[in-house]
Each structure stands twice: as C-alpha cells, then as structure tokens.
Amino acid sequence: MAELILKADKERSAMRHHPWIFEGSVDTLKGRARAGDTVDVFAHDGRPLGRAAFSPHSQIRARLWSFDIEETIDHAFFKRRVAAAVAAREALPELRGQQGLRLIHGESDGLPGVIADRYGETVVLQLNSAGAEKWRDAIAAALVQATGCVRVFERSDSDVRGLEGLQARTGFLHGEEPGGPVAIEEYGLRLEVDIAGGHKTGFYLDQRENRRLVRELSAGRSVLNCFCYTGGFSLQALAGGASQVLSIDSSGAALESARRNLALNPQLPAKRAEWRDADVFEELRVLKKSGARFDLIVLDPPKFAPSAAHAGRAARAYKDINLLGFRLLNPGGLLMTYSCSGGIGQELFQKIVAGAAADAGADARILRRLGAAADHPVALAFPEGEYLKGLLCQVV
Ligand code: SAH
C-alpha cells in the first residue's frame, strides 16, 4: 500500500480526528496510488495517523476512513460503518419510524463523501469523493443489508464531484424503478419526492423538525413562506391552522410539485394556500409596497455562500431579505430565518440578522436557535459539518 507522509507539524488535525488532508499538508507519496485507492498516512516523524482514500485531483488530497492504521478498508469495513450509522438513527426516538431520513451524513458518520437518504423503501445515494466512488458497490450493498430497502438510486450529480475529478452519475444500483413517484409521510403529511430531478437527493430532510415547529406556531397566523421549494413548510403551516399561507419560489417545477403535494393531502384547507412564481428579492418589495403584513415569515434561501470566499456578497443578500422580512411582520410577528451556507458561521449570521432588524427599525429578540435535524449529526472533530443555522425571532 502506498504511504502518504505529511509535512512536519501538519499532523495535528488528523491527530484530532479531522478526516481531511489538504494538498498543502502533504510532503510525499511513497509508492503509487490512483484516485480512490487506500493509502497509509503518517506524520513527518513516522507516527501512524490512519488510512485514507487518495484523491489526486482534489485540494482535499486524502480523506481518512479510519484513524487506526491497522483497520482494513474492505467490504466488511463499509458494512460496519453503514450498519452503525443506520443503528444510530434507530436509537433516537425522534428519528425512529421516519419515512424520510438521512442515513449517512458523510464525514460526521465516519464515511467521508458519502450521503445516503432514505425515502420509504428507496435509498438515494450520493457519492462526493474519489474514495466513496471506489467503494460504491460495497456501500450500496451494505445499505440494502442494513435497511432492507428494495432499491438504491444513485444521485451523484453534485457540483463538488467536479473538484474530485469525477463525472456525474445517476441511476439505479439496486432494485428497479418504482411504479410511481416516491413518496413519504412526514408528521402526518404525504409528500412526493423527485429522487431523480429534485434538489439534493430530492428533499430537504434537514428541515424536518423545523417544519414541525412551523406547524406548532401557525394556528391563526398569516404565513409567508419564501423559497418554498415543494411546499414542506407551507403544508405544515396549513396543517397547524394558519389563516392563510402565501408561498414564493422562482422554480415553476418546484411550485408544481408543491401543488401536487397539497392535493395529496385533501384534509388540508387548500383555499388558504396561494403559490407565487416570483423572485423573492423582488416579491418582498412588491408585498411591502402593497401594504401586506404577516404573522409568521419563513426565509429558507438556497446556499448564497458555498465557501468563505463568497461570504461578502452572501451577507448582503441575507441582510436584504431579512430586512424586508422584518418590515413585513405584524407586531408580535415571528421571523424564522435560515442560512445553509458553509461560508457563513452562526455568529456572523446572527450579526447579519441583527443588522437587518436594526435597519428595519424593528425591536426583535431570539426565541430559539435552530439547526438541522438529528439525522444530520456534526462530528465534534468536523465543525465543517455544521452548515444549517436558523433563528426564530419575534418582533415587539
Ligand atoms: N424550504 C424548503 C427548501 C428551500 S430550497 C424546504 O423545506 O423544503 C431553496 C429554494 O429557493 C428552491 O426551491 C429554489 O427554487 C428557490 N430559489 C432560489 N433562488 C430564488 C429566488 N431568488 N427567488 C425565489 N426562489 C428562489
């Protein structure tokens, strides 16, 4: 097996079990390794650090599978790791029995570059690193064994694959195409999931608990849901007794899917729902001009800052929508606001929201800090895993 030797004093992060080894930390590669091959990793002074997947095209030159240099990386390894991830979800009461569930959350589940989401009897697998790519079949087989699911669909078409030198790849790895659309039930509501064409693996599972919170907060309130995608927050608001729900998204396909989801739940008061195909930045201004006001506003925009390099422009975009959000609230109204940008930390996000409130002339306070559901854990050694942060604010 090839050996990857780090530069002097570059072993600290791996010693603390951070799984990424950057190109700049590598001194030499002894022997030959191709993309995805397992290499032994050593500190400059010869201390063993673990076993990693080599990635010659990426700035993240290797991702550690194991911090034990004795651990063999083989089919049995993936069977163990996948089974542990699935069992960890089953052990948590809030996750047990969820039909839509993240089974593997990459680095934080000890499987760098591997994302697996379960939708009913279907697992959607996304492989984002050269190492994950190499072990595709082992990971898919382990998922079938650990879950009993009847099909595994690969959805490896994220942008980050390009950085690893990997082409997009989608299709069934196990089982056959289902007869109709894949659907899940989430806290009493039926939702269609477009596993082949939807965002991420088809749905935003990370917001599950926050959608439930919206349901609890919606009774008698007028709700504005910005960036509504397939209507998850909107439908829970209706289920919670909202007096009206206006939902905005700039994707016609997402809105069509949202309308279908509403129709799948005939118990909901469809007449209280309005869907608007518009740019949120513009539409919030239109609403302000028309004198509209709401009791609860959800702002769950796409990733404005994928990395810290985009933070400046992203900060202005977050400030803009939050400022308009505060201005559109009735007295006592609630703003539920999110950032899923890795490049914007919790502290910075709070500063941006505080700046928006100040500029809107709103006295607001934080009622709750929000994040991703427990099936999206964050390994303490891997703070990069914490991407979703939210605030529930109330204006006086
Ligand atoms: N809240 C959703 C997920 C939101 S994803 C849920 O819980 O499921 C972000 C959404 O924002 C996508 O549907 C995308 O189509 C939409 N979007 C992106 N930019 C937009 C813009 N400028 N105006 C309106 N919608 C936008």
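Counting starts at 1 for both ligands and their atoms, in listed order. Only this structure's heavy atoms are used, side chains among them; waters, hydrogens and symmetry mates stay out.
Taking the six-membered ring wherever Trp is involved, the centroid distance between the rings of W135 and F77 does not fall below 6.0 Å. Aromatic ring centres of H310 and F304 lie farther apart than the 6.0 Å criterion allows.
For the pair D206 and R102, the salt-bridge criterion is not met [side-chain N within less than 4.0 Å of a carboxylate O].
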Taking a 3.5 Å cut-off between nitrogen or oxygen atoms, can you list every pair linking ligand 1 to the protein, with distances?
from     : atom 1 : to   : atom 2 : distance (Å)
ligand 1 : 1 (N)  : F227 : O      : 3.4
ligand 1 : 1 (N)  : D300 : OD2    : 2.7
ligand 1 : 7 (O)  : R211 : NH1    : 2.9
ligand 1 : 13 (O) : D249 : OD1    : 3.3
ligand 1 : 13 (O) : D249 : OD2    : 2.7
ligand 1 : 15 (O) : D249 : OD1    : 2.6
ligand 1 : 22 (N) : D279 : OD2    : 3.1
ligand 1 : 23 (N) : V280 : N      : 2.9
ligand 1 : 25 (N) : S250 : N      : 3.1
ligand 1 : 25 (N) : S250 : OG     : 3.2

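Between the side chain of R285 and the main chain of F281, a donor-acceptor pair closer than 3.5 Å is present.
To the nearest 0.5 Å, atom CZ of residue R89 and atom CZ of residue R96 are 14.0 Å apart.
Residue L103 forms a side-chain contact (heavy atoms from CB on, under 4.5 Å) with just one option from T147, D117, L125, D109, and that option is T147.
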